[in-house]
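Below is one structure, written out as structure tokens; the observations come after it.
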Amino acid sequence: MTRNTDTGDESGDAVTDGGVAEERGGSGFSPIDALNERFGSDFVESSQFWLPPFLLVGLFVYGAIIWNLLISLTDFSGFGTPNYGDLDLEMYSRALADSGFVDAAINTFILLVGFTLVTLAIGLGLAILIDRNIRFENTFRTIYLLPMSLSFVVTAQFWAWMFNFNNGVINIVITSLGFGRVNWIGNPDIVLWAVMFALMWQFAGYAMVVFLAGLRAIPNEHYEAAKVDGASTARMYWRVIIPQLKGSTISASVVLMVFALKAFDFLYSLVGGYRPPNGSDILATKMVREAYANLNWAYASAIAITLFVMTLGIVGPYLYYQYNRGNL
């Protein structure tokens, strides 16, 4: 049934809006209109800006990851050509049976957890100290953050000199106190902890800045309420302030763990080669050594995919957490 124009059209063929008719579902509603309606009014018009980088990232990042996964399923080595017609998990089985891979994985896990936890603790302590309105706050903050501005190469060279068995500053101080020299780099039982200490020195300032920003975001009323309730300073921070730093802790943890997985630069620069000292080999150094020293491309790709999965296991939950909070 159709009404006259005084009361509007009920035929469903047109929708009026201010006297202008818009056809729905007809030939005038193009795929471009559908995309704009789904993703935003300027989705197609702005494609000239976001589409080229999207394609480049898709090709050179995600495309490279997929290609690396395919290579890890072959037996590619030396200067031959990978055979993509015979894919299997042989390289992953080889990795699990390789004691060198297992040791590198254990060292990676120890470095990942130990470095992250201790760096967070040191950064939190420094942030609380600076947040207490100490004198020369800006000076101390700059001193603590300065190592973060250095590259892994510079840090490695600095600590190679500090750890030097004969002329290193640390051993000079130890011998002046009446103790014997320590082979920090050559002793496989302590070299990983020496590496971890050097990395903590570099990144403790970063954790401090993240926690300091979180502390400064807490209202003063929370401090005052804890003091009115009779809480001591230590109890106030432990029961009231630190629980509110959950977001800062998660953000700093993700960044620190990713840097721990990328410690190849530091270890390579520390010894000047693909083979770090015994006891400090991690998956990143083993991957590069298998690829460029032994030309085991498929095996190196399998180690790379293992590292990628570990990184995804760190970043994935963080992105999901941020998404649930509405930050993505």
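Heavy atoms only: backbone and side chains are in, while hydrogens, waters and symmetry mates are out. Only a predicted model underlies this, so the values are computations on that prediction, with no experimental measurement involved.
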Sidechain-backbone polar pair: [X] side chain, [Y] backbone, donor-acceptor under 3.5 Å:
X: Gln202; Y: Leu150; result: yes
X: Thr116; Y: Val113; result: no
X: Asn107; Y: Ile282; result: no
X: Asn171; Y: Asn164; result: yes
X: Thr249; Y: Leu245; result: yes
X: Gln244; Y: Val240; result: yes
X: Ser251; Y: Ser248; result: no
X: Arg181; Y: Asn166; result: yes

Is it the case that one hydrophobic cluster holds both [X] and [Y], taking links as side-chain heavy atoms less than 4.5 Å apart, direct or via other members?
X: Leu59; Y: Ile65; value: no
X: Ile172; Y: Ile185; value: no
X: Val173; Y: Phe179; value: yes
X: Ile66; Y: Ile305; value: no
X: Leu117; Y: Phe115; value: no

Can you name the nearest heavy-atom pair linking [X] to [Y], along with the distance?
X: Leu120; Y: Ala252; answer: CD2-CB, 3.7 Å
X: Tyr321; Y: Gly247; answer: OH-CA, 4.2 Å
X: Ala263; Y: Leu199; answer: CB-CD1, 4.3 Å
X: Leu312; Y: Pro317; answer: O-CD, 3.8 Å
X: Met196; Y: Gly114; answer: SD-C, 3.7 Å
X: Leu192; Y: Gly279; answer: CB-O, 3.5 Å

Any pair counted as ring-ring contact (aromatic ring centres under 6.0 Å, His included), so long as it reaches residues 205-251, sequence neighbours left out: none

How about [atom1] on [X], more than 12 heavy atoms from neighbouring residues, nucleotides or ligands closer than 6.0 Å, or not?
X: Arg132; atom1: CZ; answer: no
X: Phe197; atom1: CZ; answer: no
X: Phe140; atom1: CZ; answer: no
X: Arg235; atom1: CZ; answer: no

Polar contact flag, side-chain donor to acceptor under 3.5 angstrom, Asp98-Tyr299: yes

Any side-chain donor near an acceptor of the partner, Thr74 and Tyr84, under 3.5 Å: no

Is there a side-chain contact between [X] and [Y], using heavy atoms and a 4.5 Å cut-off?
X: Asp265; Y: Ser151; answer: no
X: Ser269; Y: Phe266; answer: no
X: Phe101; Y: Thr306; answer: yes
X: Ile314; Y: Leu112; answer: yes
X: Tyr292; Y: Trp297; answer: yes
X: Phe264; Y: Tyr274; answer: yes
X: Arg275; Y: Asp281; answer: yes
X: Thr108; Y: Met310; answer: yes

Which distance, rounded to the nearest 0.5 Å, do you find between the [atom1] of [X] and the [atom2] of [Y]?
X: Leu267; Y: Thr285; atom1: CG; atom2: OG1; result: 6.0 Å
X: Asn296; Y: Ser77; atom1: CG; atom2: OG; result: 6.0 Å
X: Met208; Y: Leu129; atom1: CE; atom2: CG; result: 10.0 Å
X: Leu87; Y: Asp75; atom1: CG; atom2: CG; result: 10.0 Å
X: Ile250; Y: Arg325; atom1: CD1; atom2: CZ; result: 7.5 Å
X: Leu51; Y: Leu56; atom1: CG; atom2: CG; result: 9.5 Å

side-chain contact (heavy atoms from CB on, under 4.5 Å) between Phe109 and Leu283, intermediate numbers included: CA-CA 10 Å; Phe109 181 78; Leu283 289 177; over 6 Å; no

From CA spacing to verdict: side-chain contact (heavy atoms from CB on, under 4.5 Å), Leu69, Phe308: CA-CA 10 Å; Leu69 175 62; Phe308 173 74; over 6 Å; no

Leu212/Asp131 under side-chain contact (heavy atoms from CB on, under 4.5 Å): CA gap, chis, key distance, verdict: CA-CA 7 Å; Leu212 186 60; Asp131 191 53; 4.0 Å; yes

Contacts of Phe152 that satisfy ring-ring contact (aromatic ring centres under 6.0 Å, His included) - sequence neighbours left out: Phe203

Centroid-centroid distance, Phe158 to Trp201, less than 6.0 Å: yes

Phe163 and Trp159 aromatic ring geometry - parallel, tilted or perpendicular at 30°/60° bounds: tilted

Criterion salt bridge (Lys or Arg N to Asp or Glu O under 4.0 Å) on Lys286 and Glu290, from CA distance to verdict: CA-CA 6 Å; Lys286 183 171 179 59; Glu290 291 292 342; 3.2 Å; yes

Stepwise side-chain contact (heavy atoms from CB on, under 4.5 Å) test for Leu126 and Arg141: CA-CA 9 Å; Leu126 293 175; Arg141 186 164 52 187; over 6 Å; no

